[in-house]
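What follows is a single structure, and I will ask about it in a moment.
Labels below follow one simple rule: chain letters A, B, ... track the order of the sequence lines, proteins then strands, and each chain is numbered from 1.
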Amino acid sequence: MTTIKLHNTKTRKREVFTPIDDKNVRMYVCGPTVYDRAHLGNARPVIVFDVLNRLLRHVYGDGHVTYVRNFTDVDDRINETALKRQQAGAVGSLEELIRERSDETIDWYHADMDALGALRPNHEPRATEYIDQMVAMIAQLEADGFAYEKEGHVLFRVRKYADYGTLSGRSVDDMIAGARVEVAPYKEDPMDFVLWKPSTDELPGWDSPWGRGRPGWHIECSAMAYELLGAHFDIHGGGNDLMFPHHENEIAQSCCANGTEAMANVWMHNEMLQVEGKKMSKSLGNFFTVRDLLEQGVPGEVIRFVMLSTHYRKPMDWTEKKREEAEKTLGKWALVTAEEIPSPMDDEFIRLLGEDLNTPGAIALLHSFARQKEFKKLRAGLDFLGLDLASWRAFFDEKDLQYDKYISMDHRSIINTLLGERFLAKKNRDFVKSDHIRDFLTEAGIKLNDNPDGTSDWESTSDFDPAKLEAIK
RNA sequence: GGCGAGUUGGCGGAGUGGUUACGCAGCGGAUUGCAAAUCCGUGUAUAUCGGUUCGAUUCCGAUACUCGCCUCCA
C-alpha cells in the first residue's frame, strides 16, 4: 500500500500516516463562515484538502474515507446583512432573513468551489443544525468543571486544561504577558474563551440552560466533528491562521468534554495566500473573490493549477504572471490529452503526493510526461489532481467556431487570394512581396504557419480586425 | 513582546549528507528564403555566521530579513 506522509503541526514533523480505522479514514476541515462570497484565500484550503481527500480515496478506497467540512452560519456579519435587508423592507422575520443570507452564500460557495474542481465533502454540516449538540457539550464541560457560567456567558476555564497551547506552542502565561487578550469582567482568567453568549432580541438565539443565547465561535466545530466523526479521528485541517485560537480551543473543548487524549491525530495547516507579494486586503485594493476571477475569464482550472504549483505549507503568491503561465501550460496539455484515455496511475506520481502533498513535484512529473509524449499518463495525472480540461477543449472549439463564423466568406476569400499570391511570390523568390503579405495579414490578426511544401496554414487570433483586412481592396 | 512558517539560479518552484528536479524567460542549434510553430541542447543558485561530519544546500545553533498569528480573516 502507498505510504502517505503528512506534516503534523502537533509534532512539527513529517510522519507516516496510519489511519485509526483504514476502513473509515476520517478528516475534518474548517469551512467558511457564510457571510459573503469566498475570497481567493478561502480557496486554498479547499483545493489543498481536496487533493488530500482524493489521495486518501485512492489509497484506502472511495468508500473508506469520510470528509467533513462545515458551514458556520452563526455570525454577526450574517446578522448585520439580514438586519439591513429587513430595514430596507425585505419580507420575513429576522431569522428567516438570516437563513436566506446563509443559504445564498452557501449556494455561491458551492458554485465557486465546484468551478475550482473541488469534490463536495461527504458531510457539510451547518452550525445552526447542531445547536443541541453544542449545548450538550457545553453542559458536559460545565458539569465536569471545565466551564463556568457568569452573567449569561459560559466560559471555558483554560487553566483547567493542562495541555492548552501545545498545538501552537504557546503557554498561557506568555500569552497574557503579550497583553493582547480581551479582558472582560465576566472572565475568571483573561485567556478564558466564550462557549455560549447571551443574545438580545434582535439577535438570533436559542434556548439553553443559560438562557436564550448563541454559541461562541469554536464550539460548533467540536460538536459537529464529534457527531459526524467521533471523539477521536484522523486528520483535522485548516488555514494556519486558525491554529490559534480556533484549533487550540477546539482541542480543549473536545478533549475535556469527551475525555480523550487527542481530538485528531494529525493537524494540518496551509500557509496563507498573498497577491503580488502583499497580503490580500481591502485597504490595499488587492482583495478579490473567486467569483471575480471567474468572471474575468480566468478558468477555475487555472486557479487550481496555480494553487497546486506551490506547496501548501509555503506562502503562495497569486500573480498575473503565474496566471498566464498556467493558462499556457494547461492550454497545451488540453490539446495533447484531448483524445487520450487515462492510463493507470503512475506510482511515482502517487509517491510524490504521498510526501506531504508534494503537488509542485507532481506537476513537474506531468511536465516530464508531456515532454516524453506519455499523454495517457499526463491525462491520468491531470484527472487525479482534479484538473478537468474537457471544458477547455470545448472552449477552444467554441472559440474557433466563433471566429469561423465571424470570418465571412468574403474575408476568407481575401485571405485565400493573398495566400495564393504569396505562394507564387515565394515560388518566384520574391520575398519582399511574400513578407509584405505576411506582415499585412499579421497586422489584420491572421497568423501564418508555413508548411515545407510552400503552402501556408492560417488561423485567426483574438486581434482579428476585418476592417484592416478589407483595406487591401 | 510571545508564537509559527519561510529565505534555493533572471523569475517561479521541488528534491537531496557526497555527479542539484521541473516550468517560464534567455542563449545556442535543427528546421525555415527569413519568420512563426515545433523539436533538441543549454543553467554548479541553495540568506549570513558558526558547529557536527571525511564531506552540508540538506542535520544543529545563532544572526539578518520576509510573511503570518496572538484582534471570531482560510
Cationic tip of A/Lys160 above A/Phe146 ring, under 6.0 Å, 45° of axis: yes
Base, sugar-phosphate alone, or nothing: which one does A/Asn449 contact when heavy atoms must sit under 4.0 Å apart? base
Nearest of B/rA36, B/rC39, B/rC67 to any side-chain atom of A/Lys373? B/rC39
Spell out yes or no: do the side chain of A/Arg371 and the base of B/rC40 have one donor N/O and one acceptor N/O closer than 3.5 Å? no
Pair A/His367-A/Trp333, ring pair (Phe, Tyr, Trp, His ring centres under 6.0 Å): steps then yes or no: CA-CA 9 Å; A/His367 278 293; A/Trp333 290 355; 4.8 Å; yes
Base, sugar-phosphate or nothing for A/Lys321? Non-hydrogen atoms, less than 4.0 Å. base
Say we look at B/rG1 and B/rG9: how far apart would their C1' atoms be, to the nearest angstrom? 38 Å
With both distances under 3.5 angstrom, what nucleotide forms a Watson-Crick or G-U wobble pair with B/rC34? none
Using only modelled atom types and a 3.5 angstrom limit, is any donor from either the side chain of A/His39 or the base of B/rA74 paired with an acceptor on the other? yes
Distance-only side-chain donor-acceptor flag, A/Asn240 / A/His269, under 3.5 Å: no
Go through the side-chain N and O atoms of A/Glu276 and A/Thr319 and say whether any donor and acceptor fall under 3.5 Å apart. no
I want to verify a distance call: between B/rC67, B/rA74, B/rC24, whose nearest atom is closest to the A/Asn270 side chain? B/rA74
To the nearest Å, give me how far apart NZ (A/Lys328) and P (B/rC24) are. 8 Å
Rounded to whole Å, how long is the line connecting atom CD of A/Glu324 with atom P of B/rG12? 15 Å
If you take atom types as modelled and just measure distance, does the side chain of A/Asp241 reach the base of B/rC67 with a donor-acceptor pair under 3.5 Å? no
Give the rounded distance in Å between these two atoms: CG of A/Asp36 and P of B/rA74. 11 Å
What integer distance in Å separates A/Asn240:CG from B/rA74:C1'? 9 Å
Taking the six-membered ring where the residue is Trp, are the ring centres of A/Phe71 and A/Tyr109 under 6.0 Å apart? yes
Take atom NE2 of A/His367 and atom C1' of B/rG12, then tell me their distance rounded to the nearest Å. 11 Å
CG of A/Asp73 versus P of B/rC72: gap in Å, rounded? 19 Å
Which part of the nucleic acid, if any, lies within reach of A/Ser368 when heavy atoms closer than 4.0 Å are counted: base, sugar-phosphate only, or nothing? nothing
Side chain of A/Glu271: nearest nucleotide among B/rG33, B/rA5, B/rG23? B/rA5
Given atom CZ of A/Arg12 and atom P of B/rC69, what is their separation to the nearest angstrom? 17 Å
Roughly how far apart, to the nearest Å, are B/rC54 and B/rU66 at atom C1'? 36 Å
Can you tell me the Watson-Crick or wobble partner of B/rA14, both distances under 3.5 angstrom? none
Are any of A/Lys13's side-chain N or O atoms less than 4.0 Å away from OP1 or OP2 of B/rC59? no
With RNA chain B as reference, determine whether A/Arg44 or A/Met316 sits nearer its 5' end, using the nearest nucleotide of each. A/Met316
What distance, rounded to whole Å, do you find between the two P atoms, one in B/rG13 and one in B/rU7? 10 Å
Check: A/His123 ring centre within less than 6.0 Å of A/Tyr28 ring centre: no
Under 4.0 Å between a side-chain N or O of A/Lys426 and OP1 or OP2 of B/rU32? no
Would you compute the distance between atom NZ of A/Lys187 and atom NE2 of A/His153 and round it to the nearest 0.5 angstrom? 9.5 Å
Name the nucleic acid region contacted by A/Arg214, choosing base, sugar-phosphate or nothing; use a 4.0 angstrom heavy-atom cut-off, strictly under. nothing
Can you tell me how far P in B/rC72 sits from the matching atom in B/rG2, rounded to whole Å? 22 Å
For B/rC59, what is the paired nucleotide under Watson-Crick or G-U wobble rules, both distances under 3.5 Å? B/rG51
Within 45° cone and under 6.0 Å: A/Arg77 NZ/CZ vs A/Tyr35 ring: yes
If the P atom of B/rG23 is compared with that of B/rC40, how far apart are they to the nearest Å? 10 Å
Write down the partner of B/rC39 under the Watson-Crick or G-U wobble criteria, each distance required to be under 3.5 Å. B/rG29
Mate of B/rC67 where both pairing distances stay under 3.5 Å, Watson-Crick or G-U: B/rG4
Mark yes or no for a side-chain to base donor-acceptor pair under 3.5 Å between A/Asp317 and B/rG12, with no hydrogen or angle criteria applied. no
A/Leu273 near the nucleic acid: base, sugar-phosphate alone, or nothing, with a heavy-atom cut-off under 4.0 Å? base
B/rC67 versus B/rG29 - spacing of their P atoms, nearest Å: 44 Å
Tell me what A/Phe244 touches on the nucleic acid: a base, only sugar-phosphate, or nothing, going by heavy atoms under 4.0 Å. sugar-phosphate
Any side-chain N or O of A/Arg77 less than 4.0 Å from the OP1 or OP2 oxygen of B/rC73? yes
Taking for each residue the nucleotide of RNA chain B with the nearest heavy atom, is it A/His311 or A/Asp450 whose nucleotide lies nearer the 5' end? A/His311
Which of B/rG23, B/rA21, B/rC72 is nearest the side chain of A/Glu325? It is B/rG23
Any side-chain N or O of A/Lys322 less than 4.0 Å from the OP1 or OP2 oxygen of B/rG13? yes
For the P atoms, the ones on B/rG41 and on B/rU48, what distance do you get once it is rounded to whole angstrom? 32 Å
Test side-chain contact (heavy atoms from CB on, under 4.5 Å) applied to A/Tyr312 and A/Val51, A/Thr359, A/Asp356, the passing residue: A/Asp356
Pick the P atom in B/rU31 and in B/rA25, then give their distance to the nearest Å. 23 Å
Look at all strands and tell whether A/Gly169 reaches a base, only sugar-phosphate, or nothing, counting heavy atoms closer than 4.0 Å. sugar-phosphate
Using a 4.0 Å heavy-atom cut-off across all strands, classify A/Arg170 as base, sugar-phosphate, or nothing. base
Indicate, yes or no, whether a donor-acceptor pair under 3.5 Å links the base of B/rA36 to the side chain of A/Arg438. no
B/rC22 C1' sits how many Å from A/Phe369 CZ, rounded? 13 Å
